[in-house]
Structures are given as structure tokens and as C-alpha cells.
Trainee: 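Quick one: the structure is below, and I'll ask about it shortly.
In each ligand, atom 1 is the first atom listed, and ligand 1 is the first ligand listed.
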Amino acid sequence: MNDKSLGMDRPITRRDFLNGVAIGVGGAVSADVLRQIPGVEAILNAAAADQDTPGYYPPALTGMRGSHDGSFDVSHALRDRRFWTNAGQPSETGETYDLVVAGGGISGLAAAYFYRARTGPSARILILDNHDDFGGHAKRNEFRPKGRLWIANGGTQSIESPFPYSREARALMSAIGIEPVALADAAEKAAHREVFQGLQRAHFFDAETFGADRLVVGSPAPGRGRGDEARKSWEAFLAKTPLAPDVQKDIARLESASVDYMPGLSNDEKKDRLSRISYKAFLLDYVKVQPGVIPFYQVRTHGLYGIGIDAVGALECWGMDYPGFAGMNLDPRATGRMSFTARGEATPKPPYDFHFPDGNASIARLLVRALVPDALPGRTAEDSVLARADYGKLDRAQSPVRIRLGCTVARVRHTGPASSAREVDVTYARGKEVYTVRAKGVVLACWNMMIPYLCPELPEKQQEALRYGVKVPLVYTSVALNNWRAFKKLGISGASTPGMYHTGARLEVPTVIGGYDPTPASPDDSILVRMTRTPCKPGLPARDQQRAGHVELFTTTFETFERKIRDQLARVLQDGGFDPARDIDAITVNRWPHGYAYEYNPLWDPDWPVGQAPCEIGRKPFGRITIANSDAGAAAYSDIAIDQAFRAVNELVGR
Ligand SMILES: Cc1cc2nc3c(=O)[nH]c(=O)nc-3n(C[C@H](O)[C@H](O)[C@H](O)COP(=O)(O)OP(=O)(O)OC[C@H]3O[C@@H](n4cnc5c(N)ncnc54)[C@H](O)[C@@H]3O)c2cc1C
């Protein structure tokens with residue numbers, strides 16, 4: 001389809017209005033005209049000034065979000081050793097704090113919370129974050145297609161983790177009003193509403209990967225069982241696909257047979273071997289499937305690992321109940337040579353899995369309410385769902401806790417020798433200015449790989465450890481539609497698209513809670529479509545795949561994303577009559593080049609002795625500076641971010 005048919009010229013809240021470009025379009029369009037376009041008001045306000053500007057409300061921004069333009073320039077200048085040559089002399093603000101926190105994600109906000117809980121409500125705390133919104137990866141997106149409010153998670157989605165939340169994490173959640181089990185009971189599952197009944201899962205096979213564009217409705221559910229019944233249901237599904245007959249046969253065999261592919265080995269020997277080969281190698285070398293089977297499974301690990309089955313161990317996939325292991329008689333207990341995630345997947349799950357409409361942005365928002373009460377009106381977790389945060393209240397001189405956005409910490413230095421200094425100077429850049437504040441203690445709740453640039457005095461071994469992990473890049477895209485008649489006509493709730501730019505697209509089924517209920521009455525009403533992309537590069541070692549993904553995401557324009565999104569939805573929904581030019585109202589691409597914390601992958605990382613993993617060496621306290629963030633726990637989960645904050649504050653306050 002050409003750009004016009006795709007709707008690239010349609011006046012949605014889109015690339016032209018981002019990054020201040022609209023404001024600089026040679027004055028061709030006045031701000032008054034732009035303001036008439038839904039959603040642009042917030043963009044203009046955000047672009048014009050900082051968090052104190054009336055109307056400043058980043059959740060309503062659309063276009064390129066997540067690590068938005070302007071949020072990473074200072075960090076990259078520090079990395080490239082350009083920052084200090086170009087930066088002016090820091091201005092002394094004269095501000096002094098008990099605690100300064102670098103990073104306003106869940107870990108940084110939790111650190112402020114724990115510090116106050118330990119030292120009292122008068123503790124003066126400053127939280128600095130480089131983004132235009134607080135929450136780190138836990139971000140809220142809002143849309144108003146056809147005037148109806150839709151809320152979505154821009155990153156972190158669920159209150160669930162491979163292991164139960166720690167006592168400290170549970171206590172914090174409870175103190176800010178989050179009881180996941182009770183909330184899950186209170187929330188209505190809109191999926192049960194009649195309007196969604198009868199919709200099925202589907203697969204879309206794209207011509208570039210599978211030889212022909214074809215939508216196949218009614219994908220068998222994963223883990224549907226083994227044996228004849230499973231085989232028949234797979235055969236029926238596969239017969240409708242463009243896959244070659246021998247590939248179809250192998251998939252049906254893999255999904256339904258119970259075979260021991262490593263006969264003669266003990267349980268421990270099998271598990272050890274499975275932990276040292278990728279799932280792809282297991283399929284090719286042990287199950288002996290045709291190479292044409294691989295593209296069907298390649299991206300299945302993307303959601304949890306950010307890489308494909310070429311780089312994820314077969315034992316991890318056993319832990320997650322992937323096909324091929326039913327006949328291998330493996331002891332169901334997890335072993336040491338599994339990542340945090342897979343070990344947890346192989347153990348009984350905690351009794352909660354709840355997500356707010358904005359995901360764990362609600363944890364961040366409720367922490368903000370606890371720290372700066374009048375910045376988020378209301379009293380309960382439920383009433384917070386529709387509460388509008390007042391960003392103008394986040395950084396006021398009279399408030400003991402202040403949250404300052406758009407500020408990248410560039411240097412953290414004790415005022416004397418680290419072993420005896422009583423204070424730390426924190427220098428940060430905001431816009432073109434550089435400022436210094438002073439604190440009795442600092443928690444670095446920012447990303448591990450940034451810390452050596454901020455704190456070059458750290459021992460070399462610690463810096464090296466902090467640089468080890470490579471954060472996992474991910475993209476969470478939301479597309480607001482004016483209607484979803486095409487989905488209804490095709491009878492699908494979404495489609496796996498394993499060969500395409502985004503590897504899946506599904507209708508958002510809202511969590512109905514706290515007065516929030518955008519559930520459409522009919523397919524003529526608006527809805528959100530959720531899509532994910534994981535920019536890995538199959539064939540490379542895991543960390544190199546992630547590095548390549550960083551580059552890709554930082555160099556891909558919103559326009560490219562938009563074109564790919566429009567084209568993909570047009571192809572998948574073609575037979576349903578979808579018109580991308582007519583049906584799309586807004587697009588938000590949450591780009592997370594530095595996404596998940598790096599989790600150790602037994603396929604690529606050594607078996608470190610206890611206490612010697614890079615995250616353990618990297619998080620050691622240094623004078624009055626301690627280190628939080630999920631990177632410090634090498635696990636990409638909200639509870640880990642909270643646990644690391646608890647430890648970092650204890651190290652500081654315990655002095
Ligand atoms: C797309 C995505 C989906 C996820 N889904 C889930 C989920 O469903 N459930 C779950 O439990 N976990 C999930 N996670 C993981 C979870 O988001 C994280 O574990 C948790 O939110 C991390 O919080 P944090 O505060 O440690 O780090 P972050 O959220 O990364 O916050 C750190 C903040 O520090 C800022 N920063 C970095 N350097 C500086 C500096 N020099 N100066 C100032 N600020 C700086 C960063 O920009 C960021 O805003 C997901 C993560 C991603 C990326």
C-alpha cells in the first residue's frame with residue numbers, strides 16, 4: 001500500500017507534532033490551530049516548558065514515548081565523553097537534602113518511601129529523573145479515541161513475578177493501598193462481556209517469512225495437551241497455513257508426541273545438557289524437525305527474554321512448558337542452571353496476577369501519592385485509577401519530598417574521601433543548564449551501566465561489574481482505533497505475527513475498576529490494539545543482540561514505526577475491511593532501548609560463585625552512596641526493584 005492509502009497523511013497525533021517539530025514547522029501552522037487536534041494540547045504544553053507549566057500531563061502524550069527524545073542526550077554525551085567538554089559550570093542551587101535519589105522509577109520512589117519510613121516524615125528528599133514523567137519503565141499512556149478515555153501501560157504491566165513478593169515488597173504495596181488479590185477480586189474481567197464473546201486467537205503468516213500472506217483463525221492454545229486429540233487439532237490448524245507439508249508434520253509431531261529425545265541419560269544429565277543448548281538446537285538436533293519449523297517458534301521467547309529461541313536455553317523452555325519435553329521424564333523441580341524467570345516459572349505461582357489499567361504505573365503513582373500527597377488526589381488504589389496527577393505539585397520548596405523531572409544526573413561525588421565524607425554533591429543537567437545539590441546520602445536507582453560515568457571514583461572491579469549487564473530492548477506499541485469492526489468480522493481477538501515487525505497484535509480487554517470502564521458496547525466503538533516488538537538479532541550472542549537492538553531503536557524514527565504499524569494492521573486485517581487511513585486515531589510507540597534488567601542466561605553467562613555475580617559486586621555501597629534498581633538484582637520485575645531499594649536504604653541508614 002502507498003503512504004496515502006496507509007493514512008500517513010492523516011491528522012492523528014503523530015510524528016509531526018512530536019519533539020517540538022510542529023512548533024518549528026516554519027510557523028506554517030499556528031499553535032491555536034494545532035490545539036484543536038485531540039491530544040495536542042498536552043504535547044504543546046510539555047514541549048513548551050517543564051513540569052510546572054499548567055496543563056503539563058505526559059500520560060496524554062502520544063507518538064514516540066518510553067525513552068522519548070530528549071531523555072537520553074545527556075547520558076549518551078557522558079558515555080561518549082562529550083558532556084563535560086560542552087557543559088557549562090554547574091550552578092550551585094544551595095539546596096541540601098537528607099537524601100537524593102537518582103532515578104524516579106519504582107525502585108527510586110520505593111527508596112524514598114523506605115528512607116522516610118526509617119528516618120521520619122520530615123526527611124528532605126529529592127528524586128531526579130531524566131524522563132518527562134515519573135515511573136521509569138512503569139509508565140501510563142492515555143488515549144481518547146471518539147472521546148472515550150482509554151488507559152494503557154506504556155511498559156511494566158503486571159503485579160506478578162516468578163517468585164512471591166518479599167515481605168518488604170508486600171508491606172510496601174499494602175501501605176500504599178495495593179492488595180493484589182483483593183483488587184483482582186474487585187476488578188471486573190471485561191473479557192467476559194458479551195461483545196468479546198466468540199473471538200478467537202489467530203496466526204498471521206507473512207509472505208516474506210512463510211511464502212504467502214495468510215490469516216489462520218483458531219490457533220490451538222499452548223499446552224493443550226499431548227496425544228491424538230492434540231495431534232488432530234494441530235493438524236487441522238496447520239492444514240490451513242502456508243507451511244510446507246513436512247513442516248506441518250513436524251510441528252504436529254512436536255506438539256503431540258511424548259518422546260524421550262535423550263534416552264540413556266539421567267535426569268541430571270539431561271537437565272545439564274538442556275541448559276547448555278538453545279531451544280532451537282534442541283528442536284533441530286534432538287527432535288530433528290525441519291529447519292522450516294523454526295520460524296513458527298522463533299519469537300516465542302521474546303516477551304520474557306527479549307531474544308528468540310536461538311539464544312534461550314532449552315531447559316528454560318522446559319520450565320515454561322514448551323513442546324518437546326513431555327516424554328523426557330524430567331523431575332519437575334527447577335535446577336540452578338536456570339535463569340531467575342525460568343526457575344520461577346517451574347515452581348508454583350504466587351496467588352496473584354493483577355494489572356491496573358496502566359499496569360505498574362499505578363505502583364509508581366501510589367508511591368508518589370504517599371510521598372507528595374496532594375500530587376495525586378484520592379485515598380484508595382481504586383480511586384487512583386482515574387485520578388489525574390498534578391505535576392505542578394511534584395517539586396515545591398515547602399514539600400519535604402520533591403520529584404524533579406527532565407533531570408539527568410551527571411556526577412555524584414563525596415565532598416571529601418568516601419570513607420569519611422559527611423556529604424555528597426550531586427550534579428545534574430536539565431535542558432542546557434547544569435546544577436548541583438548537596439545530600440547526606442545518595443541512592444543510585446538509575447541503570448547500572450550509567451553508574452561508572454556518574455561515579456568514576458568507584459573501584460575499577462565494581463565499575464566493570466556494573467557494566468556487565470546489557471539491558472534488553474523492547475517496544476510496547478498502542479494503537480487507538482475508532483472502531484474494531486475488522487476484528488469482529490474476522491472473529492479474532494488478535495493475531496500472533498511471528499515473522500512481522502511487531503510480533504503480535506491484540507485487542508485490549510480493559511481491567512474495569514475504580515469507575516474506569518471503556519469497554520465498547522459494539523465494534524463501532526473505539527478500542528486499543530496492543531503490539532510488541534523485540535529488536536533482537538538472531539544468531540548473535542545474547543548481549544550482542546541487545547546491543548544491536550539499542551542501536552536499532554535509537555535510530556528508528558517514529559515515521560518508520562508508524563508506516564510499519566499501519567502496513568502490518570492493514571495486511572493482517574485485510575479480509576475484515578480494515579482501513580488504516582480511516583480507522584486509526586492515535587499511535588504511541590513506547591520505545592525502551594534500555595528495557596528489562598539483564599537477567600543471567602545460563603547459555604551465555606558463567607556459573608558465578610555466590611556473591612560473585614556482577615550484580616552483587618556492582619551493588620556494593622560506596623561511602624554515602626548506595627545502589628538500588630532492578631539491575632542490582634539482575635531480574636526485570638517490580639518486586640526486585642522494591643527489594644533492591646530496601647537494601648540500598650538499609651545500607652545508607654544503617655551507617
Ligand atoms: C517493557 C517492560 C515491561 C515490563 N513488564 C513487567 C511486568 O509486567 N511485571 C514486572 O514486575 N516487571 C516488569 N518489567 C520490569 C520492571 O519494569 C522493572 O523491574 C521495574 O519497573 C524497574 O524499576 P527501576 O526503578 O528499578 O528501574 P526503571 O524503571 O528503569 O527506573 C530507573 C529510572 O532511572 C532513570 N535514570 C537512569 N539514569 C539516570 C540518570 N543518570 N539521572 C536520572 N535518572 C536516570 C531511568 O531513565 C529510569 O527512569 C517490565 C519492564 C519493561 C521494560
Side-chain angles (χ1 to χ4, degrees), residues 66-68 71-72 74-79 83 100-112 126-139 153-163 165 169 180 302-304 306 340-341 344 352-356 359-361 363-364 367 403-412 426-430 442-455 471-477 532-534 590-599 627-645 648:
S67 281
H68 55 80
S71 64
F72 47 82
V74 172
S75 313
H76 289 179
L78 280 164
R79 176 200 63 193
F83 179 76
V100 169
V101 181
I106 287 178
S107 200
L109 296 167
L126 174 67
I127 300 165
L128 297 164
D129 194 278
N130 57 321
H131 287 97
D132 60 13
D133 200 354
F134 57 80
H137 292 140
K139 284 275 165 39
N153 57 299
T156 316
Q157 182 180 294
S158 302
I159 299 175
E160 55 92 30
S161 188
F163 295 99
Y165 274 39
H302 277 194
L304 277 179
F340 180 85
T341 292
Y352 41 80
D353 180 356
F354 172 71
H355 75 96
F356 284 97
N360 290 2
I363 301 181
L367 277 166
I403 301 172
R404 198 165 289 168
L405 301 170
C407 299
T408 307
V409 176
R411 190 168 63 205
V412 181
V426 178
T427 303
Y428 64 89
R430 188 182 217 186
V442 172
V443 171
L444 297 177
C446 54
W447 299 331
N448 266 5
M449 79 278 190
M450 274 302 290
I451 295 174
Y453 300 110
L454 314 186
C455 215
K471 287 177 88 70
V472 178
L474 297 160
V475 179
Y476 278 16
T477 295
T532 50
R533 169 167 175 75
T534 311
N590 292 283
R591 161 181 69 181
W592 300 113
H594 303 293
Y596 289 164
Y598 185 75
E599 196 168 304
I627 294 172
N629 193 275
S630 56
D631 288 349
Y637 295 94
S638 303
D639 55 325
I640 302 300
I642 297 170
D643 291 347
Q644 294 303 321

Trainee: Would you call L128 a ligand 1 contact, heavy-atom distance under 4.0 Å?
Mentor: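 Yes, that is the case, since the closest heavy atom of the residue is under 4.0 Å from the ligand.
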
Trainee: Mind checking whether C407 contacts ligand 1 via backbone (N, CA, C, O), side chain (CB onward), both or neither, at a 4.0 Å heavy-atom cut-off?
Mentor: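 Backbone only.
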
Trainee: If I apply the N/O under 3.5 Å rule, does Q157 come out as touching ligand 1?
Mentor: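 Between Q157 and ligand 1, an N or O pair is found under 3.5 Å apart.
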
Trainee: What residues, two or more places apart in sequence or in another chain, satisfy ring-ring contact (aromatic ring centres under 6.0 Å, His included) together with Y637?
Mentor: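 ring-ring contact (aromatic ring centres under 6.0 Å, His included) list for Y637, sorted by chain: F340.
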
Trainee: Measure W592 to ligand 1 on non-hydrogen atoms and call it side chain, backbone, both or neither using the 4.0 Å cut-off.
Mentor: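 Only the side chain of W592 comes within reach of ligand 1.
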
Trainee: Nearest protein heavy atom to atom 26 (O) of ligand 1, by residue and atom, and its distance?
Mentor: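 Residue, atom and distance for the closest contact: S630 N, 2.8 Å.
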
Trainee: Tell me which one of V409, T532, N448, V412 gets a heavy atom nearest to atom 41 (N) of ligand 1.
Mentor: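 Nearest heavy atom to atom 41 (N) of ligand 1 lies in V409.
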
Trainee: Looking only at distances, can you tell me whether any N or O atom of Y596, backbone or side chain, sits closer than 3.5 Å to an N or O atom of ligand 1?
Mentor: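 Such a contact does not occur with ligand 1.
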
Trainee: Which residue and non-hydrogen atom of the protein lie closest to atom 30 (O) of ligand 1, and at what distance in Å?
Mentor: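 Ranking protein heavy atoms by distance from atom 30 (O) of ligand 1, first comes W447 NE1, 2.6 Å.
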
Trainee: Provide, to 0.1 Å, the distance between atom 20 (C) of ligand 1 and the closest protein heavy atom, together with that atom's residue and name.
Mentor: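 Protein heavy atom with the smallest distance to atom 20 (C) of ligand 1: A641 CB, 4.1 Å.
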
Trainee: Below 4.0 Å, non-hydrogen atoms only: which portion of S107 touches ligand 1? Side chain, backbone, both or neither.
Mentor: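 Both backbone and side chain.
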
Trainee: Against ligand 1, does A410 come closer than 4.0 Å with any heavy atom?
Mentor: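 No, A410 has no heavy atoms under 4.0 Å from ligand 1.
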
Trainee: Heavy-atom contact under 4.0 Å between S158 and ligand 1?
Mentor: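 Yes.
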
Trainee: Pick one of side chain, backbone, both or neither for how Y428 approaches ligand 1, counting any non-hydrogen atom pair under 4.0 Å.
Mentor: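 Neither part.
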
Trainee: Check S71 against ligand 1 and report side chain, backbone, both or neither, counting heavy atoms closer than 4.0 Å.
Mentor: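 Under 4.0 Å from ligand 1, S71 contributes no heavy atoms.
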
Trainee: Do you know which of N448, V443, L444 makes side-chain contact (heavy atoms from CB on, under 4.5 Å) with C446?
Mentor: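 Testing C446 for a side-chain contact (heavy atoms from CB on, under 4.5 Å) against N448, V443, L444 leaves exactly one candidate, L444.
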
Trainee: Quick one: pull up CG in L367 and CD1 in I642 and give me the separation to the nearest 0.5 Å.
Mentor: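 It is 7.0 Å, given to the nearest 0.5 Å.
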
Trainee: Taking both backbone and side-chain atoms of G595, is any N or O found less than 3.5 Å from an N or O belonging to ligand 1?
Mentor: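 G595 vs ligand 1: no N/O contact under 3.5 Å.
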
Trainee: Can you tell which part of Q644 has a heavy atom less than 4.0 Å from ligand 1: side chain, backbone, both or neither?
Mentor: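 Neither part.
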
Trainee: Y453: what forms a ring-ring contact (aromatic ring centres under 6.0 Å, His included) with it, not counting sequence neighbours?
Mentor: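 Testing Y453 for ring-ring contact (aromatic ring centres under 6.0 Å, His included), a comparison that skips the adjacent residues, returns none.
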
